[in-house]
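This report refers to the structure that appears directly beneath it.
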Amino acid sequence: MKQFKIRRTVCGLACIAALAACSQQEDQQTATDTMDSEASTTASTLQASNLGVELSNMDRTVRPQDDFFHFVNGGWQAANEIPADRSRWSSFDELREAAEQHVLTIVQETAAMTNLVAGTDEQKVADLYRSYMDEATIEAAGTAPLVADFAAINGLTTHEDLASYWADTELLPTAPFGLFVGQDQRQSDQYVTSMSQSGLGLPDRDYYLNDDPRSQELRDLYKAHISRLFELAALPDGEGAAERILALETRIAQSHWTRVQNRDRNATYNRMSPAELNAAAPGFDWPRFIEESGLGAIDAIIIRQPDYFAEFAEFQREIPVSDWQDYQRFHLLRGASPFLSSAFVDADFDFYSRTLSGQPEMRSRELRGVSTVEQVLGFMVGQMYVDRHFQPEAKERMDALVSNLKVAFREAIDELEWMSADTKAEAQDKLSKFNTKIGYPDVWRDYDCVEISANDLLGNMRRGNLCEYQRMIGRLGSPVDREEWGMTPQTVNAYYNATMNEIVFPAGILQPPFFNVEADDAVNYGAIGGVIGHEITHGFDD
């Protein structure tokens with residue numbers, strides 16, 4: 001089948017670390033066509049020295065001045081193929097796979113336990129995984145778990161009803177705009193409500209507006225996918241609904257800001273009172289939406305794309321309610337498909353993973369089950385992961401690496417010729433206030449608000465989403481939680497948080513090849529040091 005995204009191999013930072021270590025040990029004869037005995041002896045010593053260097057990742061038959069990339073990465077590339085259930089493969093993905101296998105073991109061992117006490121961490125993790133793996137119950141249920149949702153959509157009769165429907169925190173439906181409560185970018189000691197454009201089933205506005213053959217073909221395949229979901233749910237006129245839904249989403253896309261516009265932090269910060277929003281975007285019942293979303297007490301809201309909200313408030317009334325009903329039925333099915341019967345799962349994978357992302361095969365049900373557990377109970381599983389797989393001494397070692405890189409960054413700022421003295425002073429002040437989080441949170445997230453049943457997968461997902469929504473809006477009026485993490489500990493990644501001015505390195509990435517407590521400093525500076533520097537740089541240039 002035609003792939004729309006090229007599947008490619010990506011080299012890992014660990015290979016760069018390997019080259020750095022080798023270059024310190026070997027002389028210029030590395031550049032010759034073949035290695036002499038002295039270089040070979042050095043290589044053997046390196047591999048046996050527990051430095052954490054994998055020389056097998058290199059292709060030392062290639063001269064570095066002829067093909068430096070292949071010299072560093074050729075061995076790794078020859079030994080690795082992109083797995084059929086992936087659209088890409090790299091050292092990041094290798095480590096993510098290892099972390100995922102660790103979490104799978106934890107979850108499966110927990111699910112095998114008996115006589116678990118209701119409400120405990122073990123019961124919630126076990127029963128959520130069991131509910132995902134209970135294919136017989138899921139297949140037999142069909143779309144029965146969506147009966148109440150379809151009834152709510154069928155009950156929409158006026159445009160005024162849409163405000164209440166999109167505000168329904170029990171259903172948490174897809175809406176043409178998203179709502180979020182987070183730190184105020186201009187007053188970071190407070191939480192504030194923000195709203196942003198949303199509502200598309202394709203990844204970006206350009207998928208709807210570009211006229212090239214590929215975009216047109218994708219839109220045709222998207223309509224076929226919509227029609228297929230209607231058919232599976234025994235809903236009438238799937239082809240007609242697909243046409244209407246695409247037209248509606250195209251109208252939404254026409255008002256969306258571009259990705260470039262959305263990167264402008266000044267343009268996307270528009271603080272309004274609810275009354276000012278109602279005046280700036282007349283035609284939609286914003287007071288009703290805000291009140292029924294549980295936000296009736298707010299006095300300010302950040303509107304990221306004011307033009308979009310003004311246009312949306314107008315055009316939503318021009319679109320027949322019946323078209324909005326089709327739109328909501330599809331997005332209900334789209335969101336629920338991964339947790340319904342196999343026909344829905346297959347249809348969802350075929351379009352969103354195979355067609356849009358180039359992934360040839362679906363991941364195993366066990367791994368998808370683990371992802372589902374992490375989606376709902378991520379930090380609960382993370383605590384179990386840390387207990388088994390994070391070395392406490394890693395925190396101390398990472399603290400030293402981060403401190404030394406900050407010193408180097410401080411010196412680099414002072415040496416810049418193009419930066420004024422005043423700007424350097426501001427940069428140094430910001431750098432001095434960087435906070436660093438390593439491994440895992442000091443305070444673990446509370447999941448008491450989530451009730452998990454072993455035979456109600458979609459209900460578990462709904463209750464998990466509702467718990468997160470309530471936790472999010474419950475922040476309002478409270479002091480900013482500076483202990484909060486934006487990634488779970490088992491995540492193989494790192495991030496810079498601008499409103500916290502902090503860099504965060506979860507336990508998942510503090511594993512070989514990125515970090516090794518047993519390795520030489522040169523290796524760790526070449527590997528995780530690159531990640532640390534990357535995140536520090538985000539504090540000065542996105």
Side-chain angles (χ1 to χ4, degrees), residues 12 83-114 116 120-135 338-339 345 349 353 359 361-392 394-395 437-447 450 452 454 457 460-461 463-465 467-468 484-495 504-517 528 531:
D85 62 353
R86 301 275 188 160
S87 60
R88 50 160 278 165
W89 192 248
S90 70
S91 53
F92 262 104
D93 298 292
E94 281 187 303
L95 190 50
R96 284 170 180 152
E97 176 98 345
E100 193 172 44
Q101 290 296 327
H102 288 149
V103 175
L104 174 62
T105 298
I106 292 169
V107 170
Q108 288 185 327
E109 289 178 357
T110 306
M113 295 179 180
T114 58
L116 294 174
T120 61
D121 290 0
E122 291 78 11
Q123 177 267 317
K124 290 180 179 181
V125 169
D127 282 349
L128 180 52
Y129 184 73
R130 290 166 181 167
S131 71
Y132 191 92
M133 298 304 296
D134 187 359
E135 296 181 75
F339 314 108
V345 173
F349 173 82
S353 295
Q359 182 179 328
E361 293 181 9
M362 194 183 306
R363 308 208 73 200
S364 70
R365 189 165 190 90
E366 289 79 9
L367 291 177
R368 286 182 282 130
V370 166
S371 295
T372 299
V373 174
E374 292 191 276
Q375 181 180 337
V376 179
L377 304 171
F379 285 93
M380 184 181 287
V381 175
Q383 191 168 5
M384 299 176 179
Y385 173 85
V386 166
D387 289 343
R388 292 198 192 187
H389 297 290
F390 186 66
Q391 297 171 279
K395 272 199 172 189
K437 293 176 179 176
I438 297 171
Y440 56 89
D442 292 329
V443 179
W444 291 98
R445 183 168 298 182
D446 185 343
Y447 289 96
V450 185
I452 300 295
L457 174 59
N460 290 335
M461 303 307 296
R463 289 186 291 272
N465 289 338
C467 172
E468 284 303 304
E484 185 176 22
W485 279 51
M487 288 180 180
T488 60
Q490 65 272 32
T491 302
V492 179
N493 211 333
Y495 67 94
V504 185
F505 305 95
I509 200 172
L510 302 181
Q511 311 286 338
F514 287 99
F515 176 77
N516 186 346
V517 293
I528 197 66
V531 179

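Each residue takes its place number in the sequence, starting with 1.
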H389 and Q490, any side-chain heavy atoms less than 4.5 Å apart
no
Side chains of D93 and S90: any donor to acceptor distance under 3.5 Å?
yes
Counting only heavy atoms not in Y440 (residues, nucleotides, ligands), do more than 12 fall under 6.0 Å from its OH?
no
Ring-plane angle category for Y385 and H102, please: parallel below 30°, perpendicular beyond 60°, tilted otherwise.
tilted
Before giving the answer on side chain to side chain contact (heavy atoms under 4.5 Å, CB included), spell out for L510 and F390 the whole-Å C-alpha distance, their side-chain angles and the decisive distance to 0.1 Å.
CA-CA 8 Å; L510 302 181; F390 186 66; 3.8 Å; yes
According to side-chain contact (heavy atoms from CB on, under 4.5 Å), who are the partners of Q108, at least two apart in sequence or on a separate chain?
L104, Y129, E366
How about F514 and F92: are their ring centres within less than 6.0 Å of each other?
yes
Check the pair D121 / W444 against side chain to side chain contact (heavy atoms under 4.5 Å, CB included), numbers first and verdict last.
CA-CA 12 Å; D121 290 0; W444 291 98; over 6 Å; no
cation_pi(K437, Y495) dist<6.0 Å, angle<=45:
no
In chain order, what residues pass the side-chain contact (heavy atoms from CB on, under 4.5 Å) check against E94, with sequence neighbours excluded?
W76, N80, W89, S91
Evaluate the side chain to side chain contact (heavy atoms under 4.5 Å, CB included) criterion for residues V125 and V381: first the C-alpha distance (whole Å), next the side-chain angles of each, then the deciding distance (0.1 Å), finally the verdict.
CA-CA 7 Å; V125 169; V381 175; 4.1 Å; yes
Where P441 and W485 come nearest, the two heavy atoms and their spacing
CA-NE1, 3.4 Å
Quick check: closest heavy atoms across Q359 and D85, and the distance to 0.1 Å?
NE2-O, 3.0 Å
For residues 377-392, which residue pairs qualify under salt bridge (charged side-chain N to carboxylate O under 4.0 Å, His left out), counting only residues two or more places apart or in two chains?
E109-R388
